[in-house]
Amino acid sequence: MISIVVPIKQVPDMERVKFDKEKGTVDRSSAPGEINPFDLNALEAAVQIKEKLGATVTTVSMGPPQAEAALRDALSRGADRGILLVDRAFAGADTWATSYTLASAIQRLGQTDLIVCGEKTVDGDTGQVGPEIAEWLDIPHVAYVSEIKNVGEKMVVVCDMEGDRYLMESRFPLLITVTKDINSPRLPSFSDKLKARKAEIEKCTAEELSAVADASRFGLKGSPTRLNKVIVPSEEGRKGEIFRGNPEETALRLADALKEGGLSENVK
Ligand SMILES: Cc1cc2nc3c(=O)[nH]c(=O)nc-3n(C[C@H](O)[C@H](O)[C@H](O)COP(=O)(O)OP(=O)(O)OC[C@H]3O[C@@H](n4cnc5c(N)ncnc54)[C@H](O)[C@@H]3O)c2cc1C
């Protein structure tokens with residue numbers, strides 16, 4: 001049976017979340033948390049493989065205790081197991097420390113054939129964590145997968161990059177990151193939601209993970225990135241203009257508009 005792991009991140013509902021412009025931080029209490037939308041596609045892809053070929057689907061999330069709700073949601077959508085990496089020692093992690101922690105948890109699980117991530121998150125939006133997990137585990141990865149053609153001895157997928165489509169084949173173990181085009185995530189039934197509410201979510205602390213990992217690489221102390229300042233872009237003062245006409249004329253008008261707006265001093 002294929003063993004699949006889907007790392008999922010709980011993100012705030014970006015339509016409703018408020019930003020503290022003074023502090024430059026996201027006020028996470030202003031909106032409920034939900035599974036990162038791309039991770040729903042990742043989970044759906046894994047569950048479809050399970051339904052077709054037989055597999056176990058384990059979801060792993062690193063986050064605060066509230067992230068347990070995201071793992072329950074994943075169980076109601078077809079995952080078999082949910083593991084929450086929860087510890088103060090994981091706080092303040094950048095993508096490097098996040099991917100190390102997730103990779104260590106996957107290593108601790110034992111044999112994993114396939115890891116399916118979302119292509120990115122709607123809050124951090126770096127798209128780095130998936131490929132970094134593959135690097136830590138020293139396995140191949142294919143990013144931006146929009147179609148799974150075949151899962152057999154090898155996996156054949158289509159990935160979309162910069163407007164081009166590539167047919168890729170890889171051996172297992174393998175990590176893929178998926179785009180929204182890969183599928184339409186299912187909605188959980190009421191009874192599945194009820195079942196998930198009672199299911200056990202396993203917890204894993206930094207100490208437990210230290211058996212397979214170097215604890216100095218967790219959280220803020222394992223994060224080489226330093227955040228100097230976060231600026232929330234202001235909606236006010238935004239305007240747009242479309243210039244039409246022949247290219248020469250349009251370029252001149254655009255250059256004038258950039259100069260007028262003080263956006264380019266070097267335009268001649
Ligand atoms: C200096 C610095 C400090 C930070 N401090 C904090 C902090 O204190 N608290 C905090 O919440 N964030 C913090 N962050 C943000 C944190 O680094 C990101 O949330 C995390 O690394 C994921 O990056 P991303 O959202 O860009 O994921 P992406 O790379 O865009 O995500 C790709 C995929 O990776 C998987 N994935 C990503 N994150 C997780 C996760 N946590 N669990 C499971 N799967 C995941 C999902 O499958 C996702 O679709 C900090 C970032 C920096 C740079």
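When reading the values below, keep in mind they use all heavy atoms of this one structure, side chains included, and skip hydrogens, waters and symmetry mates. The chain is numbered in sequence order, starting from 1. Both ligands and their constituent atoms are indexed starting at 1 by order of listing. Note that this is a predicted model, so its numbers are computed, not measured.
Among the atoms of Glu119, none of the N or O lies under 3.5 angstrom from an N or O of ligand 1. Residue Pro7 places at least one N or O, backbone or side chain, under 3.5 Å from an N or O of ligand 1. Checking only distances, Thr225 never comes within under 3.5 Å of ligand 1, N or O to N or O. The shortest N/O to N/O separation between Leu227 and ligand 1 does not fall below 3.5 Å. Close N/O approach between Thr98 and ligand 1 is found [any backbone or side-chain N/O within under 3.5 Å]. Taking only nitrogen or oxygen atoms, main chain and side chain alike, Gly127 reaches within less than 3.5 Å of ligand 1.
With Ser76 contributing its side chain and Ala196 its backbone, the two residues share no donor-acceptor pair below 3.5 Å. Between the side chain of Ser61 and the backbone N or O of Gly63, no donor-acceptor pair lies under 3.5 Å. A donor-acceptor contact shorter than 3.5 Å links the side chain of Asp113 to the backbone of Ser3.
Using a 4.5 Å heavy-atom cutoff, the side chains of Leu102 and Val60 are in contact. Side-chain contact between Thr58 and Val6 is absent, with no heavy atoms from C-beta onward closer than 4.5 Å. In this structure, Val178 and Val116 have side chains that are in contact, with non-hydrogen atoms separated by less than 4.5 Å.
At a heavy-atom distance under 4.0 Å, no atom of Val6 approaches ligand 1. Here Ser223 has no heavy atoms under 4.0 Å from ligand 1, in either its backbone or its side chain. Proximity of Leu102 to ligand 1, defined as any heavy-atom pair under 4.0 Å, is confined to the side chain (atoms from C-beta onward). With a heavy-atom cut-off of 4.0 Å, Asn36 touches ligand 1 through its side chain alone.
Against a heavy-atom cut-off of under 4.0 Å, Cys117 is close to the following atoms of ligand 1: 47 (O). Within the listing of ligand 1, atoms 29 (O) sit less than 4.0 angstrom from a heavy atom of Gln128. Against a heavy-atom cut-off of under 4.0 Å, Ser61 is close to the following atoms of ligand 1: 42 (N), 43 (C). Counting atoms of ligand 1 from 1 in the listed order, those under 4.0 Å from a heavy atom of Thr95 are 17 (O), 21 (O), 23 (O). Those atoms of ligand 1 with a heavy atom of Val60 less than 4.0 angstrom away are 43 (C).
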May I have the step-by-step check of side-chain contact (heavy atoms from CB on, under 4.5 Å) for His141 and Ile139, ending in yes or no? CA-CA 7 Å; His141 82 268; Ile139 61 172; over 6 Å; no
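For atom 18 (C) of ligand 1, the closest heavy atom belonging to the protein is Lys9 NZ, 3.7 Å. Scanning all protein heavy atoms for the shortest distance to atom 2 (C) of ligand 1 gives Asp94 CB, 4.0 Å. Considering only non-hydrogen protein atoms, atom 11 (O) of ligand 1 sits nearest to Arg28 NH2, 4.4 Å. The single protein non-hydrogen atom nearest to atom 3 (C) of ligand 1 is Gly92 O, 3.6 Å, given as residue, atom name and distance. Nearest non-hydrogen protein atom to atom 26 (O) of ligand 1 is Thr126 OG1, 2.6 Å. Taking atom 43 (C) of ligand 1 as the reference point, the nearest protein heavy-atom neighbour is Ile8 O, 2.9 Å. Nearest non-hydrogen protein atom to atom 41 (N) of ligand 1 is Met62 O, 2.9 Å. Of the protein's non-hydrogen atoms, Thr121 CG2, 3.4 Å is the one closest to atom 27 (O) of ligand 1.
By the 6.0 Å and 45° rule, Lys180 stacks over the aromatic ring of Phe38.
Note on Arg186 versus Glu51: salt bridge recorded, some NZ/NE/NH1/NH2 to OD/OE distance being below 4.0 Å. In this structure, Glu202 pairs ionically with Arg81, as a charged nitrogen and a carboxylate oxygen lie closer than 4.0 Å. The residues Lys9 and Asp123 are annotated as salt-bridged, a charged nitrogen and a carboxylate oxygen being separated by less than 4.0 angstrom. Ion pair Asp80/Lys50 flagged as a salt bridge, since at least one NZ, NE, NH1 or NH2 atom sits closer than 4.0 Å to an Asp/Glu carboxylate oxygen. Remark: Lys203 engages Glu68 in a salt bridge, criterion side-chain N to carboxylate O under 4.0 Å. At a threshold of 4.0 Å, the pair Arg171-Glu153 does not count as salt-bridged, since none of the basic side-chain nitrogens sits closer than that to a carboxylate oxygen. Checked for salt-bridge contact, Asp256 and Arg253 miss the test: no charged N lies under 4.0 Å from a carboxylate O.
When the heavy atoms of Asp39, Thr177, Val129 are ranked by distance to atom 48 (C) of ligand 1, first place goes to Asp39. Of the listed residues (Pro64, Ala93, Gly130, Ala97), the one carrying the non-hydrogen atom nearest atom 51 (C) of ligand 1 is Ala93.
For the pair Gly63 and ligand 1, no heavy-atom separation below 4.0 Å is found. Heavy-atom separations between Ala42 and ligand 1 are all 4.0 Å or longer.
Remark: Tyr100 pairs with Trp136 by the ring-ring contact (aromatic ring centres under 6.0 Å, His included) rule, at least two apart or across chains.
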